**Q** 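Structure provided below as structure tokens; questions to follow.
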Number of protein chains: 2
Amino acid sequence: MKEIAQSCGVSVATVSKALNGKEDISKATRDRILRKAEEMGYMLNASARALKTNRTYSIGVLFIDSTSAGLAHEYFSEILESFKNTAEESGYDITFISRTISGRPSTFLKHCEYRNFDGVAVISADFADPQIQELITSDLPVVTIDYISGCCPAVVSDNARGLQELVHYAYNKGHRRIAFMHGELTDVTKERMMGFYRACRELGIEPDPAWVTESLYHDMELCAERTAELIALDNRPTCIIFPDDYSYLGSMKVLQDAGLRVPEDISAMGYDGIRLARVIGLTTYRQDTETLGRAACRRLIEKIENPEAMTEQTVVMGRLIEGNTVSTIKVVTGE
Amino acid sequence: MKEIAQSCGVSVATVSKALNGKEDISKATRDRILRKAEEMGYMLNASARALKTNRTYSIGVLFIDSTSAGLAHEYFSEILESFKNTAEESGYDITFISRTISGRPSTFLKHCEYRNFDGVAVISADFADPQIQELITSDLPVVTIDYISGCCPAVVSDNARGLQELVHYAYNKGHRRIAFMHGELTDVTKERMMGFYRACRELGIEPDPAWVTESLYHDMELCAERTAELIALDNRPTCIIFPDDYSYLGSMKVLQDAGLRVPEDISAMGYDGIRLARVIGLTTYRQDTETLGRAACRRLIEKIENPEAMTEQTVVMGRLIEGNTVSTIKVVTGE
DNA sequence: ACGCGCAACGAAATCGATTACGTAGTTCTT
DNA sequence: AAGAACTACGTAATCGATTTCGTTGCGCGT
């Protein structure tokens with residue numbers, strides 16, 4: 001900037017104003033400065049600007065996953081991708097949050113303070129972790145995804161409704177013995193269980209407790225085990241709702257080995273609606289990751305630009321995707 | 001820092017030295033300062049430090065994917081995850097590179113200069129893009145993954161060997177009519193084709209040109225089409241190598257509809273070795289994403305800390321994973 | 001001719017840290 | 001005891017931009 005100032009015969013202050021499009025400058029000199037800056041290949045310095053303005057235009061993203069898979073879940077990576085694109089449009093860059101500062105151990109919050117993030121998004125994390133609690137209850141603008149903390153804006157998927165729709169769908173196809181294999185007991189899972197039981201009540205069916213079983217999200221091996229248990233039951237369910245699309249894949253071999261064809265002998269439904277599900281024709285409930293990521297980013301930026309704003313929460317609707325893994329059963333009246 | 005200095009009765013310079021563990025300070029005052037800093041909840045400011053030292057300890061990552069899937073490929077997200085972890089250990093944070101600066105369009109290179117990244121990693125990108133060429137030929141330390149540019153260190157998977165191994169494996173199982181459906185013609189693909197043809201030469205088999213066909217990576221629909229074409233051939237291959245594990249999934253339905261069982265009627269092999277492949281028992285070649293990400297990060301940091309260093313290239317070996325999708329065929333001697 | 005208002009620009013402080021260099025005090029030499 | 005050699009610390013410049021608060025010059029009304 002100094003060089004530009006010299007070679008244009010003005011002060012650095014003037015250059016700064018020209019570059020930032022302030023009013024306080026004549027069109028002639030502005031053009032001169034901009035042209036000069038261009039031809040000198042000038043690039044302003046984010047650190048200096050941040051130091052002075054106390055704004056970095058960068059957002060920290062926390063993407064810790066207890067199952068170690070990290071970014072590997074399509075659900076999360078899709079949300080991240082959408083979040084990233086939205087942030088980009090609004091002029092923010094995104095950086096991963098870690099527990100380290102220049103190589104030595106620290107806390108999430110310290111790391112954010114060190115980097116001066118304007119805001120923070122927390123996704124899919126282990127919200128029981130005290131460090132995460134410290135982070136989301138801090139003064140920084142924070143948005144949480146799939147978790148409602150009360151103290152910061154949250155964006156959540158319509159988990160209860162999702163399960164409700166799946167159950168209704170199966171019911172309408174004639175199913176009465178519907179099993180629900182759920183993931184580990186997170187808030188998301190609890191929502192889904194609520195949806196499941198609510199739908200059952202609405203429809204007047206009572207699930208055998210043995211049909212509601214716990215697995216882990218994205219754990220194909222465990223899901224295979226649970227599936228084996230389910231189909232070994234005397235009152236075997238006619239339809240299984242799996243924790244997610246991936247899990248269903250884990251069960252496929254088990255079903256096949258047991259001589260059960262899908263959907264002729266047993267029906268199956270997934271959750272998430274990853275690309276794969278569409279290809280193999282799995283009936284599932286698609287979570288709208290694109291909207292989730294975008295909404296989360298919007299909420300966060302609102303919070304950044306207006307910290308006093310209400311900390312509302314946003315529910316993003318998904319939709320059922322009909323495949324061919326649920327059969328139509330004739331309902332025997334009077335049963 | 002000023003506050004600490006005041007309340008400890010020393011100058012800010014002394015505080016800085018204490019905080020950075022310089023020698024030029026007595027143990028007594030250092031301890032006093034560190035204790036004070038701790039109790040005041042002091043956190044040093046990355047922007048100020050960066051401004052002064054010209055080092056940000058952050059790396060830019062370029063993850064553009066022509067197929068729009070972005071992070072959604074397990075292969076890429078695994079590499080990213082590993083890269084991220086390695087960077088973290090070494091004290092670097094990672095930020096996504098975009099084409100925008102504070103919301104207005106720009107170039108990748110400009111964005112990196114603006115953010116003062118210490119280095120840049122380019123993965124899976126469309127290397128034909130002039131902006132990417134500009135970036136990797138710039139003065140910044142750059143590492144490329146799965147692409148060899150000559151001007152910067154590169155980390156690549158052993159694509160040629162991977163295909164070679166797959167062909168040998170099939171051959172040893174008795175297969176002589178081996179088809180290779182490859183992805184779009186990138187450098188990676190060319191390597192794989194080389195490996196394929198080399199293996200055929202080594203083994204003295206000559207693939208029908210119709211067996212070598214082009215699809216797209218991760219495009220299940222297109223793969224399904226290509227598969228249909230392959231199995232409609234008069235001299236149908238006995239084994240198909242698919243562009244990747246995902247693609248194989250796309251073909252499953254086609255094979256099934258044609259009444260072809262895997263592996264009894266036709267054999268199949270994938271590429272990548274994603275989790276899913278292991279579960280469904282697909283024989284495939286696993287790329288070592290963990291090592292790829294780690295090696296890339298290491299190379300980059302070496303380059304950052306010693307820009308004059310040789311720009312070597314690193315090849316990361318994968319390994320064949322035996323599933324149950326390749327049958328054993330009795331070889332008719334004299335054929 | 002005088003004063004007023006406005007447009008255009010500059011001087012200098014500021015953000016928070018780092019560091020070359022200077023200085024005072026202490027210990028060691030011979 | 002005088003100078004050398006350290007030790008421990010402070011001064012002040014510096015990084016690159018932003019911003020406040022002037023100042024200057026000019027046109028215009030009366």
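Note that these values count all heavy atoms, side chains included, but never hydrogens, waters or copies made by symmetry. Computed from a predicted model, the values in this text were never measured in an experiment. Just so it is clear: chains get the letters A, B, ... in the order the sequence lines come, proteins before strands, and each one is counted from 1.
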**Q** dA17(C) C1' sits how many Å from Ile101(A) CD1, rounded?
**A** 15 Å

**Q** Does Val15(B) reach a base, just sugar-phosphate, or nothing at all? Heavy atoms under 4.0 Å.
**A** nothing

**Q** Whole angstrom is fine here: how far is it from CD in Glu23(B) over to C1' in dC6(D)?
**A** 14 Å

**Q** Tell me the interatomic distance from Arg55(A), atom CZ, to dA17(D), atom C1', rounded to whole angstroms.
**A** 16 Å

**Q** Would one find a side-chain N or O of Asn54(A) under 4.0 angstrom from OP1 or OP2 of dC15(C)?
**A** no

**Q** Do the side chains of Glu290(B) and Arg294(B) get close enough for a salt bridge, i.e. N-O under 4.0 angstrom?
**A** yes

**Q** Between Asn45(A) and dC15(D), does any side-chain N or O lie under 4.0 Å from OP1 or OP2?
**A** no

**Q** Got a salt bridge between Asp31(B) and Lys27(B), using NZ or NE/NH1/NH2 to carboxylate O under 4.0 Å?
**A** yes

**Q** Would you say the base of dG16(D) and the side-chain of Lys52(B) have a donor-acceptor pair closer than 3.5 Å?
**A** no

**Q** Send over the distance from Asn20(B) CG to dG16(C) P, rounded to a whole Å.
**A** 17 Å

**Q** Are any of Tyr42(B)'s side-chain N or O atoms less than 4.0 Å away from OP1 or OP2 of dA17(C)?
**A** yes

**Q** OP1 or OP2 of dT18(D) less than 4.0 angstrom from a side-chain nitrogen or oxygen of Arg49(A), does that happen here?
**A** yes

**Q** Hey, which sits more toward the 5' end of DNA chain D by its nearest nucleotide, Met1(A) or Lys27(B)?
**A** Lys27(B)

**Q** Using OP1 and OP2 only, check whether a side-chain N or O of Lys17(B) sits under 4.0 Å from dA8(D).
**A** no

**Q** Separation of Lys2(A) atom NZ from dA12(C) atom C1', in whole Å?
**A** 14 Å

**Q** dC9(D), OP1 or OP2 - any side-chain N/O from Thr29(B) closer than 4.0 Å?
**A** yes

**Q** Do the side-chain N or O atoms of Ser26(A) get closer than 4.0 angstrom to the phosphate oxygens (OP1, OP2) of dC9(C)?
**A** yes

**Q** What is the distance, to the nearest angstrom, from the CD1 atom on Ile33(A) to the P atom on dA17(D)?
**A** 13 Å

**Q** Checking ring-ring contact (aromatic ring centres under 6.0 Å, His included) against Tyr92(A), which of Phe117(A), Tyr57(A), Phe83(A) comes through?
**A** Tyr57(A)

**Q** Distance check: side-chain N/O of Thr14(A) vs OP1/OP2 of dA8(C), anything under 4.0 Å?
**A** no

**Q** Determine, stepwise, if the pair Thr100(A) / Glu88(B) fulfils side-chain hydrogen bond (donor to acceptor under 3.5 Å, both in side chains).
**A** CA-CA 7 Å; Thr100(A) 58; Glu88(B) 203 168 293; 4.7 Å; no

**Q** Going by an N to O cut-off under 4.0 Å, is there a salt bridge joining Glu38(B) and Arg35(B)?
**A** no

**Q** When you match Asp24(B) and Ala48(B) each to their closest nucleotide on DNA chain C, which lands nearer the 5' end?
**A** Ala48(B)

**Q** Let me know the distance between CG of Asn116(B) and C1' of dG16(D), rounded to the nearest Å.
**A** 10 Å

**Q** Only one of Thr144(A), Ile123(A), Val142(A), Leu135(A) forms a side chain to side chain contact (heavy atoms under 4.5 Å, CB included) with Leu62(A), so which one is it?
**A** Leu135(A)

**Q** For Met43(B) and dA17(C), give me the distance from atom CE to atom P, rounded to whole Å.
**A** 10 Å

**Q** So, is Ser11(A) near the phosphate of dA11(C), with a side-chain N or O under 4.0 Å from OP1 or OP2?
**A** no

**Q** Would you mind classifying the nucleic acid contact of Ser16(A) as base, sugar-phosphate or nothing, using non-hydrogen atoms under 4.0 angstrom?
**A** base

**Q** What contact category does Leu44(B) fall into here, base, sugar-phosphate, or nothing, at under 4.0 angstrom with non-hydrogen atoms?
**A** sugar-phosphate

